[in-house]
*Asks:* 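Handing you a structure now.
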Amino acid sequence: MKKDLPKGFPYLLASLTAISPFAVDAYLPAIVSISEHYQTALSHIELTLTLYLIGLSLGQLIGGPLSDRYGRKIMINVGLVTYIVFSLLIAFAPSVEQFWIYRFMQAVGGGFAIVNMGAIIRDNFTGQKSAQMLSFVAMIMMIAPLIAPAVGAIILEYFSWEYIFLFLASYAFLVLFWIQLLPETSPKTKEQNPFQDYYKVLSNPIAFFLAMGAAFAMSGMFVFITKSSFIYMDYYTLDKNLFTLFFAMNVAMLMFFNRLNMFLLNYFDRKQLVFAGMLTQIVSALFLSLNSNFNDATLFFSILFLMGFVGSLGMIFGNTISLVLEIFPKFSATANAVIGVLGFATSSIMGSIAAKLLPQGSLLS
């Protein structure tokens, strides 16, 4: 470890990582309310999700090389201030067109901030310890989109939709205040060419394979989020209480696999655990695809294999990021940007395909 890190360092990075998953999903319960507020089509508000993902990818692509050249903290500060300002502007946007612009810029700020997460860990840790830290932070990143809609729904129950974005701004302000405890860790490699760095990452077969493996594994979680209400409430005709219970079981399994991975890193190599996690997800997916032949046991097996499918991410994501970043120690934020963009792009495509294959679930209809 290079520098003295503040107490609660992993929680600090986890809180930073959570800002974008919350921004993506916390406002989903309010989409209808927002469309009614602006008296516009629902699709015009749904477009803001696409705009956010594009802005988030652009923010990471630009912010990654800048972080490697000029420092982690300055890019985090710029990103969080941008995120806060445009979150506040969204809450008071007079038109849907301005809502689009502010949402895009909010995402760019979020990209500038979160792209530094993996890089900061790589600056301070290597090997199995790096994977353990990344696994913990990755767990927060994966759990956040699972609980964010519930947070948004609670806010909407007592306040108007604008308060969701005021909450996002307030949360980011607290993270901004806390992040000042973090020491600067960037190697500040100003001689590096960002285009050459991106080429080095994308042209490295091991790094690209690992990044795409993480991207497809992550997309599985987005597909689950997209179709979970259809699976449990429409297909199996469960009520909302049972849906909430079974959904929470997947969150619990993700946390279990994550803690298991952190323990197993003391005894096994990261590549072995990535292989075990991917094998678990593949086997779970295969059994889910065959589940229609299980007759009366189909609900039990669906719950079981969905838990294995989602939970396996706890053994995949942190380890793959650690392995990729270790290949590129001098421009780890740039490498992290590639992982992030590939992950969000693949997840968006797979989530869109899943949404079109079957009707939207009961909670979304």
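Sequence positions, counted from 1, serve as the residue numbers for this chain. In this text, all values refer to a predicted model and were calculated from it rather than measured experimentally.
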*Asks:* Please enumerate all residues that pass side-chain contact (heavy atoms from CB on, under 4.5 Å) together with Val151, with sequence neighbours excluded.
*Replies:* Phe22, Ile155, Phe167
*Asks:* Just jot down the ring pair (Phe, Tyr, Trp, His ring centres under 6.0 Å) partners of Phe159, sequence neighbours excluded, or say none.
*Replies:* Tyr163
*Asks:* Just to verify, what does Arg270 make a salt bridge (Lys or Arg N to Asp or Glu O under 4.0 Å) with, not counting sequence neighbours?
*Replies:* Glu326
*Asks:* Is there a donor-acceptor pair under 3.5 Å between the side chain of Thr48 and the backbone N or O of Ile45?
*Replies:* yes
*Asks:* Can you check whether Lys73's main-chain N or O pairs, donor with acceptor, with Asn77's side chain at less than 3.5 Å?
*Replies:* yes
*Asks:* Could you pull out all residues at least two apart from Glu162 that satisfy salt bridge (Lys or Arg N to Asp or Glu O under 4.0 Å)?
*Replies:* none
*Asks:* Fit a plane to each ring of Trp161 and Tyr38, take the angle between them on a 0 to 90° scale, and name the class: parallel (under 30°), tilted (30 to 60°) or perpendicular (over 60°).
*Replies:* tilted
*Asks:* Just jot down the ring pair (Phe, Tyr, Trp, His ring centres under 6.0 Å) partners of Phe256, sequence neighbours excluded, or say none.
*Replies:* none
*Asks:* Going by side-chain contact (heavy atoms from CB on, under 4.5 Å), name the residues that satisfy it together with Met255, two or more places apart in sequence or in a different chain.
*Replies:* Met139, Ile143, Val251
*Asks:* Please tabulate, for side-chain N and O atoms in residues 78-98, each donor-acceptor pair with protein atoms closer than 3.5 Å (sequence neighbours left out).
*Replies:*
from, atom 1, to, atom 2, distance (Å)
Thr82, OG1, Val78, O, 2.8
Tyr83, OH, Ile19, O, 3.0
Ser87, OG, Tyr83, O, 2.7
Ser87, OG, Gln106, NE2, 2.8
Ser95, OG, Gln98, N, 3.3
Ser95, OG, Gln98, OE1, 3.3
Gln98, NE2, Tyr102, OH, 3.2

*Asks:* With sequence neighbours excluded, what pairs up with Phe209 under the ring pair (Phe, Tyr, Trp, His ring centres under 6.0 Å) test?
*Replies:* none
*Asks:* Throw together a table of side-chain donor-acceptor distances under 3.5 angstrom for residues 275-287, partners on residues two or more places apart or in other chains.
*Replies:*
from, atom 1, to, atom 2, distance (Å)
Thr280, OG1, Ala276, O, 2.8
Gln281, NE2, Phe309, O, 3.3
Ser284, OG, Thr280, O, 2.8

*Asks:* Mind checking side chain to side chain donor-acceptor pair (under 3.5 Å) for Asn261 and listing every partner two or more places apart, or none if nothing turns up?
*Replies:* Ser135, Asn319
*Asks:* Answer yes or no: is there a side-chain heavy-atom contact under 4.5 Å between Phe208 and Ser203?
*Replies:* no
*Asks:* Taking side chain to side chain donor-acceptor pair (under 3.5 Å) as the test, write out the residues that go with Asp269, two or more places apart.
*Replies:* none
*Asks:* Verify, without hydrogens or angle tests, whether Asn116 (side chain) and Ser67 (backbone) share a donor-acceptor contact under 3.5 angstrom.
*Replies:* no
*Asks:* Under the ring pair (Phe, Tyr, Trp, His ring centres under 6.0 Å) test, which residues partner Tyr267, sequence neighbours left out?
*Replies:* Phe263
